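To keep things clear, I will list the structure first and then write my remarks on it.
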Number of protein chains: 2
Amino acid sequence: MAVHVLTVLAYKDGDRVTSAFLADSVNTNPVIIRRLLLALQRAKLVETGKGAGSGSRLSRSAARINLAEIYRAVEDCEPFAKPTRKPNAACPVGQCMRDELEKIFTSAQQALERDLAKTTLAGLIEAVKASACYQRAKK
Amino acid sequence: MAVHVLTVLAYKDGDRVTSAFLADSVNTNPVIIRRLLLALQRAKLVETGKGAGSGSRLSRSAARINLAEIYRAVEDCEPFAKPTRKPNAACPVGQCMRDELEKIFTSAQQALERDLAKTTLAGLIEAVKASACYQRAKK
DNA sequence: CTGAAAAGTAACTTCACGTGTTACATTTGT
DNA sequence: ACAAATGTAACACGTGAAGTTACTTTTCAG
């Protein structure tokens, strides 16, 4: 969904877009968009101005933004289950294994991000334009 | 947590273990273990017998089971957000982009699984035994 | 300088989901 | 036949994301 928003921003290249417009475009609420934009600002992917006639825009060209950056900006942590705290004092091995698993998971996570980094925002848009689905909708 | 259960099964190599025992070992409920075992059975990772004196065991040696298989067996689908159905009919590009994103995500997912596949269950257990944490707890 | 348009933000509701729990049917070995 | 186990259904609970409302703050334009 973050990708959807950034795609719209890429379309309006350089222009400032209000969160209300984005919200309408993604069919959701302006506040949610703003919460999302906050994360993207922290990641230096967008710039947002306040006040009337302002809005947000990409802080770099779409060709210089890859999906791994977006992923990192939005998904704060690992996609793995952190169980509802089973202290599990009984088994001494339990904690050790969690430590080892964490290592393995971060490695896997990095592999995932390396793959995502192969695709830039601009590349995604190109792929969409070239897709059969898009061609069909155009006519 | 699936890993935790399988680790216990690997310890009791070949022996049948009841879900009650596993539940106690992971500090949870037998039913949850059984639900987990159902998924692992479907993935042909464990064999479970019914009736008295029965239980579950690994269907292969721990050295022949890698974490990617466990991941696939347990996490049925992608770790990516499937929004609460925003039909989003307004934007014709929306659907196209979801299709393209799906391609990219499955690619990233495969990269993740390739990395997980590098570690076998037996390898994980070895790593835990060698870890500083485990050595500390032993004394 | 005033007003409107925007973001920032807090508090609340809603909803989906994983986890847990109880209860019961079913299977199977002794 | 009985006891021990799994399979399974139905429900309660807690958590976290998404959504909603309302208010404050900033900034441009006249």
Side-chain angles (χ1 to χ4, degrees), chain A residues 1-5 8-9 12 15-43 45-59 70-71 73-88, chain B residues 1-5 8-9 12 15-43 45-59 70-71 73-88:
Chain A
M1 155 164 170
V3 183
H4 204 143
V5 167
V8 177
L9 286 179
K12 310 272 180 184
D15 287 359
R16 312 219 121 168
V17 183
T18 74
S19 58
F21 180 88
L22 288 170
D24 198 62
S25 169
V26 189
N27 197 27
T28 182
N29 194 291
V31 176
I32 302 204
I33 298 293
R34 287 203 273 266
R35 285 208 273 250
L36 183 58
L37 287 174
L38 287 179
L40 296 174
Q41 284 166 38
R42 275 191 287 272
L45 293 178
V46 301
E47 289 171 357
T48 301
K50 293 181 175 183
S54 189
S56 301
R57 66 180 175 191
L58 298 182
S59 54
I70 302 175
Y71 175 78
V74 173
E75 312 284 334
D76 26 24
C77 55
E78 327 96 51
F80 296 103
K82 45 254 162 206
T84 33
R85 286 286 95 201
K86 285 279 165 201
N88 203 351
Chain B
M1 153 164 172
V3 183
H4 204 144
V5 168
V8 178
L9 285 179
K12 310 273 180 182
D15 288 358
R16 312 218 120 167
V17 183
T18 74
S19 58
F21 179 88
L22 288 170
D24 198 61
S25 170
V26 189
N27 197 28
T28 183
N29 196 291
V31 176
I32 302 204
I33 298 294
R34 287 203 275 268
R35 286 208 272 251
L36 183 58
L37 288 174
L38 288 179
L40 296 174
Q41 284 165 38
R42 275 192 288 273
L45 292 179
V46 301
E47 290 171 356
T48 300
K50 294 182 173 182
S54 188
S56 301
R57 65 181 177 191
L58 297 183
S59 54
I70 302 174
Y71 175 79
V74 173
E75 312 283 332
D76 26 25
C77 55
E78 329 96 51
F80 296 104
K82 45 257 164 207
T84 33
R85 284 287 95 201
K86 285 279 162 197
N88 204 351

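Note that the coordinates shown come from a computational prediction; the quantities given were computed from them, not determined experimentally. All values below come from the heavy atoms of this structure, side chains included, with hydrogens, waters and symmetry mates left out.
Note on Gln41(B): every side-chain N or O is 4.0 Å or more away from OP1 and OP2 of dT6(D). Considering only side-chain N and O atoms, Thr18(B) lies nowhere under 4.0 angstrom from the phosphate OP1 or OP2 of dA5(D). Ser54(A) has no side-chain polar atom (N or O) that falls below the 4.0 Å cut-off from OP1 or OP2 of dA6(C). For the OP1/OP2 pair of dG8(C) and a distance below 4.0 Å, the side-chain nitrogens and oxygens of Arg34(A) include no atom meeting the criterion. OP1 and OP2 of dT6(D) both lie 4.0 Å or more from every side-chain N or O belonging to Thr48(B).
Asn29(B) places its CG atom 17 Å from the P atom of dG18(C), with the value rounded to the nearest Å. In this structure, Glu47(A) places its CD atom 17 Å from C1' of dA6(C), rounding to the nearest Å. Atom pair Lys50(A):NZ and dA29(D):C1' shows a separation of 19 Å (rounding to whole Å applied). In this structure, Ile33(A) atom CD1 and dT20(D) atom P are separated by 12 Å, rounded to whole Å. If you take CD1 of Ile32(A) and C1' of dG16(D), they are 13 Å apart, rounded to a whole angstrom. The CZ atom of Arg16(A) sits 10 Å away from the P atom of dA7(C) (whole-angstrom rounding). Between the CZ atom of Arg57(B) and the P atom of dT6(D) there is a distance of 14 Å, rounded to whole Å. For the pair Asn27(A) CG and dA18(D) P, the interatomic distance rounds to 15 Å; values are reported in whole Å.
Not one N or O on the side chain of Thr48(A) forms a donor-acceptor pair closer than 3.5 Å with the backbone of Gly55(A).
With dT27(D), dG20(C), dT21(C) as the choices, the nucleotide that has an atom nearest any side-chain atom of Val31(B) turns out to be dT21(C). For Leu38(A), taking side-chain heavy atoms from C-beta onward, the closest of the listed nucleotides dT28(C), dT9(C), dA7(C) is dT9(C).
One distance of note links CD1 of Ile33(B) with CG of Leu37(B); it measures 6.5 Å at 0.5 Å rounding. To the nearest 0.5 Å, atoms CZ (Arg57(B)) and NZ (Lys12(B)) are separated by 16.0 Å.
Nearest approach of Leu36(B) to Val5(B), heavy atoms of both residues: CD2-CG2, 3.8 Å.
Positionally, the nearest nucleotide of DNA chain D for Gly53(B) lies more toward the 5' end than for the other of Thr28(A) and Gly53(B).
Leu22(A) places none of its side-chain heavy atoms less than 4.5 Å from the side chain of Thr28(A).
Contact annotation: side chain of Arg35(A) to base of dG19(D), donor-acceptor pair present below 3.5 Å.
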